Undergrad: 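To start, I am sharing the structure in question, which I have written as structure tokens.
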Amino acid sequence: MTEEHSPAAEPIDRAAWGARFGWIVGSAVGLGVGFGAVYTLETVALGGRPDATATAARLASVLVPACFLVGAIGGHQLGARRGERWYKALGVAAGITLLTIAWVLLSIAR
């Protein structure tokens, strides 16, 4: 005889999933902050220079990945620490973040 496996029988590890959702949200926020910072640098701080785009591109190669990592690690820490209470909110935020990224990519590809 085979034993049936019911997913409902296993309890959800809210702390682990909170950390995963926090990582997703934090990394997306970090990417947004990185791109926003590069845009601000290019248009405001380096706006009058003739090589503003090249300088911003060099800065972006360091700044965007650094913001991504800081956001991902910070989101993971926040989710791991408060995942029990914020499990649902982090899950909703992760879903909205992934849908927003998909929408932006589809809009750009159009």
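Because the structure is a prediction, the values reported are computed rather than measured.
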Undergrad: Locate the shortest heavy-atom distance separating P65 from A60; write the atom from each residue and the value.
TA: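 Closest approach of P65 to A60, heavy atoms only: CD-O, 3.5 Å.
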Undergrad: Test side-chain contact (heavy atoms from CB on, under 4.5 Å) on W86 and F21 and set out the steps.
TA: CA-CA 10 Å; W86 293 2; F21 292 151; over 6 Å; no
Undergrad: Any chance you could measure L46, atom CG, to T40, atom OG1, to the nearest 0.5 Å?
TA: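 Taking CG in L46 and OG1 in T40, the distance rounds to 11.0 Å.
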Undergrad: Whether R14 engages the ring of W17 as a cation-pi pair (distance to the six-membered ring centre under 6.0 angstrom, angle to the ring normal within 45°) should be assessed.
TA: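 Cation-pi check for R14 and W17: fails.
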Undergrad: List in chain and number order the residues that pass side chain to side chain contact (heavy atoms under 4.5 Å, CB included) with A57, two or more places apart in sequence or in another chain; answer none if no residue qualifies.
TA: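 Testing A57 for side chain to side chain contact (heavy atoms under 4.5 Å, CB included), a comparison that skips the adjacent residues, returns none.
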Undergrad: Could you name each residue pair satisfying salt bridge (Lys or Arg N to Asp or Glu O under 4.0 Å) that touches residues 35-56, not counting sequence neighbours?
TA: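 Listed by first then second residue: R49-D51.
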Undergrad: Using a 4.5 Å cut-off between side-chain heavy atoms of Ile, Leu, Val, Met, Phe, Trp and Tyr, which other residues end up in the same hydrophobic cluster as W103?
TA: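 Hydrophobic cluster check, W103: joined to V104, I108.
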Undergrad: Clusters formed by hydrophobic residues whose side-chain heavy atoms approach within less than 4.5 Å: which one holds L59, and what are its other members?
TA: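 L59 clusters with W23, I24, L31, F35, V38, L41, L63, V64, F68, L69, L98.
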Undergrad: So, does T55 use its side chain to make a donor-acceptor pair with the main chain of A52 at under 3.5 Å?
TA: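 Looks like no, no N/O pair under 3.5 Å.
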Undergrad: Could you tell me which non-hydrogen atom of T97 sits nearest to which non-hydrogen atom of A28, and how far apart they are?
TA: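 Closest pair (atom of T97, atom of A28, distance): CG2-CB, 3.0 Å.
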Undergrad: My understanding is that a hydrophobic cluster links ILVMFWY residues whose side chain heavy atoms are under 4.5 Å apart, including indirect links. Using that, what else belongs to the cluster containing V92?
TA: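 Other cluster members: I96.
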Undergrad: Checking one residue: V33. Which other hydrophobic residues are in its cluster under the side-chain 4.5 Å linking rule?
TA: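 Listed partners: V25, V29.
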